[in-house]
**Student:** 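I have a structure I would like to understand better, so I am pasting it below and will then ask my questions one at a time.
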Number of protein chains: 2
Amino acid sequence: MSRIGLTKDIILQSAMEIVDKIGAENLTLKVLADKLGVRSPSLYNHFNSLSDLLTALMLYGWKQLEYRVMQAAIGKSKDDAIKSMCAAYLNFTLEHLGLFNIMQSYNQHISQETIAATSGLIETIRQVLSAYNLSEKYEVHTIRVFRSFLQGYVYLVQHDSFGNSVSIRDSFNVGVGILLKGLKENENIKLGK
Amino acid sequence: MSRIGLTKDIILQSAMEIVDKIGAENLTLKVLADKLGVRSPSLYNHFNSLSDLLTALMLYGWKQLEYRVMQAAIGKSKDDAIKSMCAAYLNFTLEHLGLFNIMQSYNQHISQETIAATSGLIETIRQVLSAYNLSEKYEVHTIRVFRSFLQGYVYLVQHDSFGNSVSIRDSFNVGVGILLKGLKENENIKLGK
DNA sequence: TGACAAAACTAATCTAATTAGGTAAAATAT
DNA sequence: ATATTTTACCTAATTAGATTAGTTTTGTCA
């Protein structure tokens, strides 16, 4: 009977598949261990606790999202870049509902690592925004407003909070459009209030 | 030894105090029962399960938020009403971080009741928006965009995701301002695309 | 080959939710 | 007022899941 040879990455990959398939609330060490062909205490050789594992999974998710959003910005600038990045964000989260759930709910405790995991993402956004010549303060405001919209939109879609039949993508694009217009209002105002 | 005389409302009130004080993740039946001067199985006379209790707590929260936002709109119209409502939303959620956490995380399962609980809120928003003469489709888009921004903003504040020192209220107001401008773009366009 | 570290195991423990079944206070009916 | 029923509460037991302790196995490297 040969050893399986688990690694953190293999475990996280499996955990991701599980949460995306059966929902974040149904991830238990037993379910995960079964999928990996191992007994649940064995997972403690790789993670100190379930909470540790979920934290790692959250960071794993942010890294992937960061990669996708950065990819989307390559070769584009200004509005095109932003639209593409926003679409990439939406697409990733819709593909990974369970994972995104964990990305949201498990960053309560350790904000340092979370900030580190999302800093690349924010840096990318900052680079794209630099083309708009925003004042420093307005750049911060703008990033916050975009992040809020994205975060909230996906959350509401994920929880089926948009009752009726108007297209999810249409409303999303309208939202991005509104934010882009707001961005123009503050373009080139280097001494913004 | 006389009976305590619990009711659902008393239990929910206590539960709210607990989650706002020590965080949603630390609410257990034992903690709640201790606070109420009762043994944990006794709570099953009032709720079928912890999940039931949390669901009720979520709805309880939405009702209160609805009330506060409606109050904020009284005697105001158009931009003033919207600004006031948004501020009320932000204030409520900042006062009730734990409760809001549960309001977010526990509407995964029963969307019907959640929709019922938030329908009054959405109706209020719709009334205020009617002054703008938006096309039907744009009204839906607009509500979705506002909700997304509010939801996301509060979420990010709650999770300390806004690293630096620019004022939380300022960015919020900038965001509301951007959305209001976007709203004007579509004002009086009765045949919006 | 032999020794060490790591990865896996089984068995046991702990904590929290839940269930079963009993008792007594309160509410209701006679 | 008394009898009956309901129900809020209790204790004790069960279950599920995370975690810990201690052991065995396996791969690696001197």
Side-chain angles (χ1 to χ4, degrees), chain A residues 1-60 98-99 101-102 105-110, chain B residues 1-60 98-99 101-102 105-110:
Chain A
M1 199 188 301
S2 83
R3 213 180 278 189
I4 294 194
L6 293 183
T7 64
K8 288 194 188 215
D9 269 348
I10 293 174
I11 295 173
L12 290 176
Q13 176 68 33
S14 268
M16 181 182 85
E17 287 166 23
I18 289 172
V19 297
D20 281 339
K21 199 167 181 181
I22 64 171
E25 68 282 5
N26 295 314
L27 178 66
T28 66
L29 290 181
K30 175 129 192 7
V31 168
L32 180 54
D34 281 356
K35 183 177 164 84
L36 293 164
V38 131
R39 301 309 177 97
S40 53
S42 304
L43 297 172
Y44 284 82
N45 288 311
H46 306 278
F47 294 96
N48 294 324
S49 64
L50 174 61
S51 172
D52 252 38
L53 193 155
L54 290 170
T55 299
L57 185 57
M58 169 199 80
L59 298 171
Y60 180 79
L99 181 59
N101 209 325
I102 285 173
S105 57
Y106 250 80
N107 54 2
Q108 304 174 340
H109 313 291
I110 29 58
Chain B
M1 196 189 297
S2 84
R3 216 180 276 187
I4 293 191
L6 294 181
T7 64
K8 287 193 187 215
D9 269 347
I10 293 174
I11 295 174
L12 291 176
Q13 177 68 32
S14 268
M16 180 183 83
E17 287 167 23
I18 289 172
V19 296
D20 281 338
K21 199 167 181 181
I22 64 172
E25 68 281 5
N26 295 314
L27 178 66
T28 65
L29 290 181
K30 175 133 193 5
V31 168
L32 179 54
D34 281 356
K35 182 178 166 82
L36 293 164
V38 130
R39 301 309 177 97
S40 53
S42 304
L43 297 172
Y44 283 84
N45 290 306
H46 304 277
F47 294 96
N48 294 323
S49 66
L50 174 61
S51 173
D52 251 39
L53 194 156
L54 290 170
T55 300
L57 186 57
M58 168 201 81
L59 297 172
Y60 181 79
L99 181 59
N101 208 324
I102 284 173
S105 56
Y106 250 81
N107 55 2
Q108 305 175 336
H109 313 291
I110 29 55

**Student:** Using atom CG of Leu32(B) as one end and atom P of dA16(C) as the other, report the distance to the nearest whole Å.
**Tutor:** 14 Å

**Student:** Measuring from Ile18(A):CD1 to Leu99(A):CG, what's the distance to the nearest 0.5 Å?
**Tutor:** 12.5 Å

**Student:** In Å, rounded to the nearest 0.5 Å, how long is the span from CG of Leu27(A) to CG of Leu57(A)?
**Tutor:** 7.5 Å

**Student:** Counting runs of three or more consecutive pairs, Watson-Crick or G-U wobble, with each distance below 3.5 Å, where are the stems of DNA chain D?
**Tutor:** C:1-30 with D:1-30

**Student:** Within a strict 4.5 Å, meaning less than it, do heavy atoms of the Thr55(B) and Phe47(B) side chains meet?
**Tutor:** no

**Student:** Whole angstroms only, please: what is the NZ-P distance between Lys30(A) and dT19(D)?
**Tutor:** 16 Å

**Student:** Using atom CZ of Arg3(B) as one end and atom C1' of dC9(D) as the other, report the distance to the nearest whole Å.
**Tutor:** 6 Å

**Student:** Rounded to whole angstrom units, what separation is found between the CD1 atom of Ile4(B) and the C1' atom of dT23(C)?
**Tutor:** 16 Å

**Student:** Does the side chain of Asn45(B) come within less than 4.5 Å of Leu6(B)'s, by heavy atoms?
**Tutor:** no

**Student:** Could you state the atom-to-atom distance from CG of Leu29(A) to C1' of dC9(C) in whole Å?
**Tutor:** 16 Å

**Student:** Round to the nearest Å and state the distance from Glu25(A) atom CD to dA17(C) atom C1'.
**Tutor:** 17 Å

**Student:** Decide yes or no on side-chain contact (heavy atoms from CB on, under 4.5 Å) for Val31(B) and Asn26(B), but give the supporting numbers first.
**Tutor:** CA-CA 8 Å; Val31(B) 168; Asn26(B) 295 314; over 6 Å; no

**Student:** Could you check if a side-chain atom of Ile4(B) sits within less than 4.5 angstrom of a side-chain atom of Ile10(B), using non-hydrogen atoms only?
**Tutor:** no

**Student:** Going through the checks in order, is the side-chain contact (heavy atoms from CB on, under 4.5 Å) test met by Ile11(A) and Leu32(A)?
**Tutor:** CA-CA 8 Å; Ile11(A) 295 173; Leu32(A) 180 54; 4.0 Å; yes

**Student:** Residues of residues 36-49 of chain A with any non-hydrogen atom less than 4.0 angstrom from an atom of DNA chain D: list those, numerically ordered, please.
**Tutor:** Pro41(A), Tyr44(A), Ser49(A)

**Student:** Return the value, rounded to whole Å, for the distance between atom CG of Leu50(B) and atom C1' of dA16(C).
**Tutor:** 9 Å

**Student:** Taking atom NZ as the centre, does Lys30(B) end up with more than 12 heavy-atom neighbours from other residues, nucleotides or ligands that are less than 6.0 angstrom away?
**Tutor:** no

**Student:** When rounded to the nearest 0.5 angstrom, what is the spacing between CG in Leu43(B) and CG in Asp52(B)?
**Tutor:** 12.5 Å

**Student:** Atom CG of Leu6(A) to atom P of dT25(D): distance rounded to whole Å?
**Tutor:** 19 Å

